[in-house]
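As structure tokens, the structure follows; a few thoughts come after it.
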Amino acid sequence: MANAETREPWLRGTLQEIPAVHRAVLHSFEMAEEDLSRWCGELSLGEWNMRPGGVAGVAFHVRHIARSVDRLLRYAEGGFIKPGADSAT
């Protein structure tokens with residue numbers, strides 16, 4: 001069995017004082033942060049922006065994730081986005 005540090009965040013038994021749905025979201029953010037660190041932490045600026053075969057680079061996808069999460073949280077809080085404001089994503 002893996003030790004607590006190597007298990008996925010939701011298996012570590014952390015954040016028990018937080019309601020289950022909120023805890024699941026926070027654990028998913030923890031996991032994303034750990035994965036980014038693990039898989040992208042050593043990338044140079046050039047590698048972050050590299051477009052192999054013309055496809056979008058790592059930097060684009062990370063920005064897209066952040067903007068998508070921002071949009072989802074805004075909607076969850078009852079907010080809205082002005083028409084055209086999301087065209088950068």
Side-chain angles (χ1 to χ4, degrees):
M1 177 180 237
N3 66 33
E5 291 76 36
T6 60
R7 285 190 246 153
E8 293 183 3
W10 66 276
L11 290 171
R12 296 179 195 152
T14 59
L15 307 173
Q16 293 298 311
E17 67 283 0
I18 296 174
V21 173
H22 299 104
R23 184 170 58 243
V25 171
L26 292 172
H27 281 150
S28 70
F29 287 150
E30 284 181 40
M31 190 168 180
E33 179 182 26
E34 291 171 11
D35 283 348
L36 277 170
S37 214
R38 177 179 181 188
W39 299 109
C40 303
E42 305 278 328
L43 294 179
S44 68
L45 184 59
E47 291 169 325
W48 268 93
N49 292 295
M50 189 179 294
R51 296 179 50 120
V55 300
V58 174
F60 168 82
H61 290 289
V62 172
R63 281 191 307 271
H64 179 69
I65 291 167
R67 291 173 179 162
S68 296
V69 167
D70 182 55
R71 182 181 304 123
L72 288 170
L73 291 175
R74 190 178 313 256
Y75 293 152
E77 293 171 342
F80 64 95
I81 296 177
K82 297 176 190 171
D86 63 346
S87 60
T89 355

Review point. Hey, is Glu34 close enough to Arg12 for a salt bridge, meaning N to O under 4.0 Å?
Key: yes

Practice item. Measure the spacing between CE of Met31 and CZ of Arg38 and express it to the nearest 0.5 Å. Key: 9.5 Å

Revision key, fill the gap. Arg74 meets the side-chain hydrogen bond (donor to acceptor under 3.5 Å, both in side chains) criterion, sequence neighbours left out, with Asp70

**Study point:** Residue pairs fulfilling side-chain hydrogen bond (donor to acceptor under 3.5 Å, both in side chains) with at least one residue in residues 13-32, sequence neighbours excluded
**Key:** Thr14-His27

Review point. Leu26 and Leu72: same hydrophobic cluster, using ILVMFWY side-chain contacts below 4.5 Å?
Key: no

Practice item. Could you work out the complete set of other residues in the hydrophobic cluster of Leu36, with links drawn between I, L, V, M, F, W and Y side chains under 4.5 Å apart? Key: Leu43, Trp48, Val58, Val62

Check your understanding: Which residues satisfy the side chain to side chain contact (heavy atoms under 4.5 Å, CB included) test with Ala56, sequence neighbours excluded?
Key -> Phe60, His61

Point to revise | Common cluster, Ile65/Val25, ILVMFWY with side-chain heavy-atom separation under 4.5 Å | key: yes

Study note, to complete from the structure: Going by chain and number, the hydrophobic cluster around Trp10 (ILVMFWY, side chain to side chain under 4.5 Å) further includes Leu11

Point to revise | Which residues share a side-chain hydrogen bond (donor to acceptor under 3.5 Å, both in side chains) with Asp35, sequence neighbours left out | key: none

Check your understanding: Does atom CD of Glu47 have more than 12 heavy-atom neighbours from other groups under 6.0 Å away?
Key -> yes

